[in-house]
Amino acid sequence: MGSKSSKYESPLQYIKGVGPKRAEALNEIGIHTVEDLLYYFPRAYLDLSRVEKIRNVRRFADTGEYITVIGQVRRIDIIGGRFKQRLVISLGDETGTIQLVFFQSLYYYKRAFDVGEVLAVSGRVAAFMNRPQMVHPSIDRLEVGGEGEPTLEGFLHTAGIVPKYSTTEDLRNAKLESKSFRRIMKEVIEQFLQNIREFMPESLIGRHRLVSLQEALRSIHFPPSYQLLEDARRRLKFDELFALQLVLALRRKSVKMDSPGIPFNVQSKYARALVDSLPFQLTRAQIHVIKEIAEDMKSSRPMNRLLQGDVGSGKTLVALIAMLIAVETGYQAAFMAPTEILAEQHFKTIAGFFKELPVNVRLLVSGQKKKLRTDILEDIRRGTAQIVVGTHALIQEGVEFSNLGFVVVDEQHRFGVAQRLALKEKRSASASQSGFPDVLVMTATPIPRTLALTLYGDLDVSVLDEMPKNRKPVRTVLKTESERQSVYQFVRAQVTLGRQVFFVYPLVEESEKVDLKAATVAFEQLKQEIFTDLRVGLIHGKLPSEEKDSIMATFKAREIDILVATTVVEVGIDVPNATVMVIEHSERFGLAQLHQLRGRVGRGSEQSYCLLIAPDWLASVRVPEKKQPVLNEEEDEKRVVERRLRAMLEFTDGFKIAEIDLELRGPGDFFGTRQSGMPELQLANLVTDAELLSKAREEAFNVIEQDPQLRLPEHQLIRNHYQERLKDSLSLLQTG
Ligand code: ADP
Ligand code: MG
């Protein structure tokens, strides 16, 4: 949402057409002031700028193209019997007539219009009984000027680039759909736009040839032309990216102001012993990244490093080596995973790797028996627990480390900066420890390096850009609902070969609203009807953790052939004998999630497969994409789904997938806005607007370098404008 920070906090009721009911509905979606409303940008535009004489409309019949005609109402008739009743308005100009047909609200329309009135109507033309007609067109009633010519002020819903606004059920109940939004926006722009003050310094505006804020806000809602719309979008995108970069610049400043870190002794015998004991060789990428990390660990500046690597690239091992260095220097290390299943798995992996090493590893998750928990906490407090693996239970109160020196945060997009900082703060308060721990954040949702540098302003970035040898890329296939039987056959064949299979579902229980096949229901069906002779298991998030644990163990021990699961298997599960990942309702999953799920297979030496099951209409994604204009929201959403699945079929490289994901979702969603404290982007796209992003970055970093508190006169307005968004970051600076 736009900045709520403006001085022009005019309440919504001042706007003509917004009564208490509408105001309330708008409040619900976070619009409280006139300014907020101005920042409620159109969701899409309808190009109705093609105005035609009626004689020509026949040419557009059934082409799907939107056109606009202007004419006079000649007749208004209600025709047809009880069931097919409709209202027909004949609209004529000097070249011919067209019929406007209404099946709903007949009497409303009959009353609304008079013979002789001049209307502009926009819509798609159909040929009915060989006569051109428009069904439920958009209509503007035009005021006829002196010479009988319509005045342009009359155009709001037709004849131009017309904005469409997203609505919610609440909004629609308050009669706020695109049409009334347009009326209200027009009012707002006429009455209030003049109060909006420019906040960007003039020099900056000049450097980047931006249009003024007022102009941008006007044109984004009512674009006089595509060029001006583009200019408006560019300006507003700049503002968004600038905000993002201000936050990052402030964060980086605060990190720099941290107290010193811990200089570790990186000549680690433990690490050497671990590497020597591995049944495989480290990849070149792993060796390179370990060196980068070791350099940081040696230094007395605290490390803040992001480790990016595709699923299965061997990040965990890199983290283990770093933790061993910390332990050997005499510090504790903490490893925070996003789910219990994962924490447990990591715990077991680590314990397995460390069999021969004198290192005490403990697991801390919620729901452990009190006695055990007390024991673990005591172990942590005394410093005898050298490596502690856990979930966010690690950052809860009552967890006190004796000398925490190294922190690993796995799958960072699930955790926010706040949590990262919280864990860092767990270092002992005692005087014996002076330095802050080093932090290694790991993510399997990698983004291109340049973008990462731009986005994670406060982190250094390492990349594992190489997979361990002898991994075969997973083959991905899309199957429609109608082709379900072939999926079952394939699964059976793989099980016959001794392999194991995942079936993943989006929900745990059948919900009335969304008719998804819940895992539990599907499990019963697969077990009792389809794979009666095979061993089918079920795992989902609502099971108690011991049960989850034992099911995973059974699956790993190959005592289950087919594991039906919800997305609890999403991240990090390591079962090399599993070669098939069937994803039901793949259209419901996000791209990162799909890629993560696919990463559960292809971990052994056998060829693995990912089968995406989708509704029949998505069969189209198996053929190359056709370019088509986006006409309405519904089609827009469908295309996003198509692009996600297409990306899965086309790419196995996690970097490419992440780039597309980022493009489709925007950073808020991608990073989890709330958690990461990133400002939301409404318009800007980090991938396609990369150039603008780097300009905004340069400007924002300059501003913060010069004036970290934004106190200079020329920066006051920036501060005011972004106040809400910057609040946390500025306070970070003050305390830092
Ligand atoms: P990530 O966490 O990056 O998804 P993992 O660390 O879970 O990947 O590694 C996936 C699997 O590959 C694990 O079984 C791990 O032991 C193994 N592995 C790690 N590094 C290598 C390597 N250099 N060669 C072969 N296998 C490796
Ligand atoms: Mg992992």
Side-chain angles (χ1 to χ4, degrees), residues 271-272 274-293 305-324 335-339 341-357 387 389 408-415 440-447 452 461-474 500 502 552-553 555-558 569-579 581 592-606 608 610 652-655 657-658:
R272 171 60 40 213
L274 172 64
V275 172
D276 288 344
S277 75
L278 294 173
F280 48 75
Q281 301 227 299
L282 296 179
T283 62
R284 255 183 305 125
Q286 279 171 320
I287 293 169
H288 178 74
V289 167
I290 290 167
K291 277 193 186 138
E292 284 179 333
I293 292 172
R305 189 168 278 280
L306 174 72
L307 173 55
Q308 298 202 87
D310 207 345
V311 193
S313 59
K315 295 185 291 294
T316 313
L317 191 55
V318 169
L320 291 192
I321 289 170
M323 289 197 292
L324 283 178
F335 190 121
M336 183 157 73
T339 65
I341 290 193
L342 257 187
E344 267 155 42
Q345 183 181 287
H346 280 314
F347 173 66
K348 282 191 192 124
T349 312
I350 293 173
F353 273 133
F354 291 1
K355 269 197 309 279
E356 312 290 318
L357 294 172
I387 293 183
V389 182
V408 179
V409 182
D410 195 11
E411 310 298 352
Q412 98 111 20
H413 60 289
R414 300 236 174 162
F415 293 111
L440 182 68
V441 176
M442 305 200 294
T443 172
T445 316
I447 52 177
V461 180
S462 287
V463 185
L464 286 179
D465 50 7
E466 181 190 2
M467 285 300 218
K469 298 209 171 46
N470 69 43
R471 292 269 168 84
K472 296 195 182 91
V474 178
Q500 290 165 284
F502 290 105
M552 279 320 296
F555 189 57
K556 267 195 157 168
R558 304 193 185 190
V569 298
E570 183 190 338
V571 217
I573 301 297
D574 196 21
V575 184
N577 191 50
T579 57
M581 168 61 66
Q593 238 182 345
L594 289 172
H595 183 67
Q596 283 287 338
L597 286 169
R598 176 166 62 184
R600 295 313 108 220
V601 295
R603 310 194 130 229
S605 49
E606 302 301 336
S608 290
C610 176
T652 51
D653 175 6
F655 286 81
I657 295 275

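Both ligands and their constituent atoms are indexed starting at 1 by order of listing.
- If you number the atoms of ligand 1 from 1 as listed, the ones under 4.0 Å from a heavy atom of Arg603 come out as 4 (O), 7 (O), 10 (C).
- Formation of a donor-acceptor pair under 3.5 Å by the Glu466 side chain with backbone atoms of Arg284 is found in this model.
- When all heavy atoms of Ser608 and Gly602 are compared, the closest pair comes out as OG-N, 2.9 Å.
- By the criterion of a heavy-atom distance under 4.0 Å, neither the backbone nor the side chain of Lys469 is placed next to ligand 1.
- Counting heavy atoms closer than 4.0 Å to ligand 1, residue Asp310 contributes backbone atoms (N, CA, C, O) but none from C-beta onward.
- For Gln281, the heavy-atom gap to ligand 1 drops under 4.0 angstrom.
- Under a 3.5 Å cut-off, the side chain of Glu606 and the backbone N or O of Thr579 do not form any donor-acceptor pair.
- Looking at heavy atoms from C-beta onward, Phe280 lies in side-chain contact with Leu317 at the 4.5 angstrom threshold.
- Closest approach of Thr652 and Asp310 over heavy atoms only: O-OD2, 3.7 Å.
- In this structure, Ser313 is part of the shell of residues with a heavy atom less than 4.0 angstrom from ligand 1.
- Considering backbone and side-chain atoms together, Pro468 places no N or O closer than 3.5 Å to any N or O of ligand 1.
- Checked by distance only, ligand 1 and Phe280 stay at 3.5 Å or farther apart across all their nitrogen or oxygen atoms.
- Residue Leu282 approaches ligand 1 through these ligand atoms, each under 4.0 Å from one of its heavy atoms: 23 (N).
- Selection from Leu307, Thr316, Val318 by nearest heavy atom to atom 6 (O) of ligand 1 gives Thr316.
- Checking side-chain atoms of Lys315 against main-chain N and O of Met442 turns up no donor-acceptor pair under 3.5 Å.
- For ligand 1, the atoms sitting less than 4.0 Å from at least one non-hydrogen atom of Thr283 are 23 (N), numbered in the order shown with element in parentheses.
- In this structure, Gln308 contributes its side chain and Val461 its backbone to no donor-acceptor pair below 3.5 Å.
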